[in-house]
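Working notes, beginning with the structure itself.
All values below come from the heavy atoms of this structure, side chains included, with hydrogens, waters and symmetry mates left out.
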Amino acid sequence: MSLRWRAVLITGVSLVVLWGIAAAWMMQGVHANLERTLDSRLAMSARMVSGLLESAALAPNSSPANFSEAVRISGDEGIACEVRALRGRVLARTGSTPSSNFENLPTGYSTREMQGSQWRVYVLRDNGYQITTTDRIDERNILINELLRAAGVPFFVAFFGGLGALWVGIGRGLTPLKVLRTQLRNKKTNDTTPIAVEHSPSELRPVLDAMNGLLGRLAQALASQRAFTDAAAHELRTPLTVIDTHLQLVRLSEGEEAQASLASAEQGVHRLRRTLEQMMALAHTEAAISQGDGCPSIVAAVNGALERFGEEERSRVTLMVEGDDSGTPIPKSMLETAIRNLVDNAIRYSPAGSDIEVSASFNRAAQRCLLSVADCGPGLSQKQASQIGTRFWRGDQGRQSKDGAGLGISIVRAIAERFGGSLSLTPRKGGGLVAEIMIPLN
């Protein structure tokens, strides 16, 4: 259901319910007030006839002819009046008076059934006369219904007119949404320019701001993706060129020269495989989290990452744990990848045989674990510190191996930031670098 139909339907139902209650209350009040007014009319008519008789100075024993000359009484259909002496003789009556005995009626108001109809009767006894005024109940109901109908017609006109005005007003109010829909429909795939809707209502501006913010982030993501694609193509082209060159040399050479070319080609394959693995790991940091990949123990994830290294490399790593072990919302596979990249970088940039210190400090009060990897390498210059974390950028100073892809720090930072953590790189006292990753706890 559209917003317009929903608003009109809710408003219509609300008005029907509220006005229905108000109309029932009004009808009850109008009916009671009209009954009192018509009853008062009967009483006033009786007193008026009594006043006329008194002014005519007629005695109750006067002849009916004298009464007819002194008091002319007429009545419309449904309204009647009768004058009689207290002794029972009828002195005057209207032609519409029902043929019934009004002699023994009580003084005041009463309701009687006469000639198959209900009549409202008022009896006044004064100066030796009994004056009876009556009107029919069904005539009263006709009058009441006409009054209610006259009051109800404007209500229905106002009700349906109001709904129509609401329909038109909502349609005009939703015009900015139609403009927004048209702009979004006409946007090209690579069009990330901000959306502008003139005369937009205040309720729509936060939506426009959020959408323009999303388009801005999308533009940055597309630019980053293009840069990543260009850099990845360059990184993959280099080992492929090396492999192709050395394979051609193998065809043209023999003996040790051919073996050397095959070894170089193998190194190119290894570097290519390493680059592809890192690219897959980077893509994995942005993918959906798979079920069953929870991390109930950070220490277990650290040990799992260290087990991926060879015996010689593991012997250089020292692990220290401070505080009680805990779990983290970071999936175990991602956390192991981040730790493995940090340790791998430390090994690559540290002199052979130097120690790598890995420490995990748990802080339950702050709900975080500070995991640090300290090496004995050359550290980072100010220029390198501003470039580290850029995809496919490698710092060659002090690197012991040339097969890195330049994605390790980017992967670690992407994993940490996705789950509310952070990564910092600071110089180590005495030389080297300390990589610290802040891990949130469960």
Item to check | Side chain E357, main chain D375, donor-acceptor under 3.5 Å | outcome: no
Checklist entry - Taking side chain as C-beta onward, heavy atoms only, is M438 less than 4.5 Å from S422? => result yes
Next on the checklist: Between I409 and N345, is the side chain to side chain contact (heavy atoms under 4.5 Å, CB included) condition met? List the steps.
Outcome noted: CA-CA 9 Å; I409 297 299; N345 275 353; 3.4 Å; yes
Checklist entry - Got a donor-acceptor contact below 3.5 angstrom from the Y349 side chain to the P378 backbone? => result no
Item to check | Residue pair C81 / S45, side-chain heavy-atom distance below 4.5 Å | outcome: no
Item to check | Evaluation steps, side chain to side chain contact (heavy atoms under 4.5 Å, CB included), between V121 and M114 | outcome: CA-CA 11 Å; V121 180; M114 296 174 288; 4.1 Å; yes
Next on the checklist: If you define the side chain from C-beta out and look only at heavy atoms, does anything of S297 sit under 4.5 Å from K332?
Outcome noted: no
Item to check | Exam field: side chain S350 to backbone C376, donor-acceptor pair closer than 3.5 Å | outcome: yes
Checklist entry - Just wondering, more than 12 heavy atoms not from E322 lying within 6.0 Å of its CD? => result no
Next on the checklist: Does this structure show an ion pair linking R41 with D135, if we count only N-O contacts that are shorter than 4.0 Å?
Outcome noted: yes
Checklist entry - Would you call F362 and D324 a side-chain contact if the rule is heavy atoms closer than 4.5 Å? => result no
Checklist entry - Any side-chain heavy atom of T193 within less than 4.5 Å of one from K187? => result yes
Next on the checklist: For S326 and I298: C-alpha separation, side-chain torsions, deciding distance, then whether side chain to side chain contact (heavy atoms under 4.5 Å, CB included) applies.
Outcome noted: CA-CA 6 Å; S326 179; I298 294 178; 5.5 Å; no
Checklist entry - How would you list, by chain and number, every residue that makes a side-chain hydrogen bond (donor to acceptor under 3.5 Å, both in side chains) with T111, sequence neighbours excluded? => result R120
Next on the checklist: Rounded to the nearest 0.5 Å, what separates atom CD in E35 from atom OG1 in T37?
Outcome noted: 9.5 Å
Next on the checklist: Can a donor-acceptor pair be found, under 3.5 Å and without considering hydrogens, that links the side chain of Q367 to the backbone of R364?
Outcome noted: yes
Next on the checklist: Ignoring hydrogens, what is the shortest heavy-atom contact between A46 and I131? Give both atom names and the distance.
Outcome noted: O-CD1, 3.6 Å
Checklist entry - Between R340 and D344, is there a salt bridge with N-O shorter than 4.0 Å? => result no
Item to check | Partner set under side-chain contact (heavy atoms from CB on, under 4.5 Å) for E313, not counting sequence neighbours | outcome: F309, I347
Item to check | T133 side chain reached by V49 side chain, heavy atoms, under 4.5 Å | outcome: no
Item to check | Ion pair R205/D209, N-O distance below 4.0 Å | outcome: no
Next on the checklist: Could you tell me if the side chain of R185 sits less than 4.5 Å from the side chain of T182, heavy atoms only?
Outcome noted: no
Checklist entry - Would you call L306 and E336 a side-chain contact if the rule is heavy atoms closer than 4.5 Å? => result no
Checklist entry - Quick check: does any side chain N or O of T192 sit under 3.5 Å from a backbone N or O of L218, one acting as donor and the other as acceptor? => result no
Item to check | Contact summary for V8 and L166, nearest pair of heavy atoms | outcome: CA-CD2, 4.1 Å
Checklist entry - Yes or no on side chain to side chain contact (heavy atoms under 4.5 Å, CB included) for D138 and Q118, after CA distance, side-chain angles and deciding distance? => result CA-CA 7 Å; D138 56 353; Q118 292 286 331; over 6 Å; no
Checklist entry - Near R316 CZ, under 6.0 Å, is it more than 12 heavy atoms from other residues, nucleotides or ligands? => result yes
Next on the checklist: For a side-chain hydrogen bond (donor to acceptor under 3.5 Å, both in side chains) check, start with the C-alpha distance between S372 and S359, then their side-chain angles and the critical distance, and finish with the verdict.
Outcome noted: CA-CA 5 Å; S372 63; S359 64; 2.5 Å; yes
